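Everything numeric here is computed off the predicted structure, so don't read it as measured data.
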Amino acid sequence: MTTVPSASQWGSPTASKRALLVHGLNSSSLTFHRVASMLAAKGYLVVAPNLLGHVLRMPGVDFKVQTLADDLLPYLQAAEYDIVIGHSMGGVVVLSLLKYLPKTRPTSVVLIDTSVELTAEQVVARKARASNDARVYPTLTVEEHMASNPLWTREDAIWRSLEIQITRVNNQDDHLNGNVPWSFSHLLADRPAAATLTILIADPQFSPYGTSKLENIAKLKDVRAVIVPNTSHWIQYEFPEVIVEEALRNIEE
């Protein structure tokens, strides 16, 4: 199979079922370690690439979401996937890949707490929050991550700590500035009829952006929106089984 240079993989290479998982901004393929392990146990070959500009990969020619998506095309050219999942910015990367999905083969697409639309004011707020996080998070220990996120396992906290440590300082600003306006709902028009789309949303009580995400998603047609109670932005750490259940639900219906 032809792939991009950096990815994590779970399950048997001979498995008849496949899942493609796309991580978010300032994250890595290993953010999905629990989701991927669950899918592999159900007979899937799971592939999770590392996006351009993340982990040890150099940035692409620019920071556009479409550039990130085009870099993943070798995966879709080499195989067809039953399940495609994207977290956060990885969700809009997945939306940019919809036009390449099979036209007749059913595909279960799940976006995890993805911001499909952001106003200019919301982008400014994201940058300010990211600036603060950049000062605080690199100093947090694994134990402090676990104390702040009681539903995380120690492995979750270790991977998140490593991701933060190797993130480029300007990575968030570069990607936000490279995608102005932050508007991706029009990409839903590229979804094949055979593909189902579910968007999981963090509990607004625990996420500063949950309400605005729900309002934007409510405007979309033929999209299943699910608020996951008691979760933050990191649903894949806190309730990975919900992600797997939703992905399989679309396949099994």
| said: Could you go through R34 and D156, starting from their C-alpha distance and side-chain angles, then the distance that decides it, and tell me whether this counts as salt bridge (charged side-chain N to carboxylate O under 4.0 Å, His left out)? | reply: CA-CA 9 Å; R34 293 169 70 186; D156 295 334; 2.8 Å; yes
| task | Step through the shown structure and confirm whether more than 12 heavy atoms of other residues, nucleotides or ligands are within 6.0 Å of CH2 on W182. | result | yes
| task | Go through L200 and D113 one step at a time and tell me if the side chain to side chain contact (heavy atoms under 4.5 Å, CB included) criterion holds. | result | CA-CA 6 Å; L200 302 180; D113 209 39; over 6 Å; no
| task | Show your working on side chain to side chain contact (heavy atoms under 4.5 Å, CB included) between I112 and I199 and close with a plain yes or no. | result | CA-CA 6 Å; I112 307 167; I199 302 181; over 6 Å; no
| Which atom pair, heavy atoms only, marks the closest approach of S108 to A247? | OG-O, 2.8 Å
| field | Nearest heavy-atom neighbours spanning G91 and T114 | value | CA-OG1, 3.3 Å
| query | Should the heavy atoms of other residues, nucleotides or ligands under 6.0 Å from NZ of K221 be counted, would the total exceed 12? | reply | no
| said: For A7 versus N50, what's the shortest heavy-atom pair and its separation? | reply: N-ND2, 4.1 Å
| Are E246 and R224 ion-paired here, with the side-chain N under 4.0 Å from a carboxylate O? | yes
| task | Would you mind listing the cluster partners of V124? Hydrophobic ones only (ILVMFWY), side-chain contacts under 4.5 Å, chaining allowed. | result | none
| note | R191 meets the salt bridge (Lys or Arg N to Asp or Glu O under 4.0 Å) criterion, sequence neighbours left out, with none
| H87 vs F32 aromatic rings, parallel, tilted or perpendicular, using cut-offs 30° and 60°? | perpendicular
| said: Please tell me whether D82 and T107 have a donor and an acceptor in their side chains that are separated by less than 3.5 angstrom. | reply: no
| Below 6.0 angstrom between ring centroids: does that apply to W10 and H33? | no
| message | Can you confirm whether the side chains of H54 and N171 place a donor and an acceptor under 3.5 Å from each other? | response | yes
| message | I'd like to know whether E143 forms a salt bridge (charged side-chain N to carboxylate O under 4.0 Å, His left out) with R154, so could you lay out the CA-CA distance, the side-chain angles of the two residues, the decisive distance to 0.1 Å, and finally the verdict. | response | CA-CA 8 Å; E143 288 70 24; R154 184 172 184 80; 3.0 Å; yes
| message | Are more than 12 heavy atoms, taken from residues, nucleotides or ligands other than K64, located less than 6.0 Å from that residue's NZ atom? | response | no
| query | Stepwise, does the side chain to side chain contact (heavy atoms under 4.5 Å, CB included) test hold for K42 with V244? | reply | CA-CA 10 Å; K42 293 183 178 294; V244 173; 4.1 Å; yes
| said: Using every non-hydrogen atom in the two residues, find where H145 and A157 come nearest and quote the distance to one decimal. | reply: CB-CB, 3.9 Å
| task | May I ask you to check whether D70 and T67 show a side-chain donor-acceptor distance below 3.5 Å? | result | no
| Pair L97-V84, side chain to side chain contact (heavy atoms under 4.5 Å, CB included): steps then yes or no | CA-CA 10 Å; L97 291 170; V84 180; 5.7 Å; no
| field | Polar side chain donor-acceptor pair, T231 to D203, under 3.5 angstrom | value | no
| note | Between S96 and V65, the two heavy atoms sitting closest are OG-CG1, 3.4 Å
| task | Please list, chain by chain and in numerical order, all residues satisfying side-chain contact (heavy atoms from CB on, under 4.5 Å) with E163, sequence neighbours excluded. | result | S27, S28, T31, R160, Y237
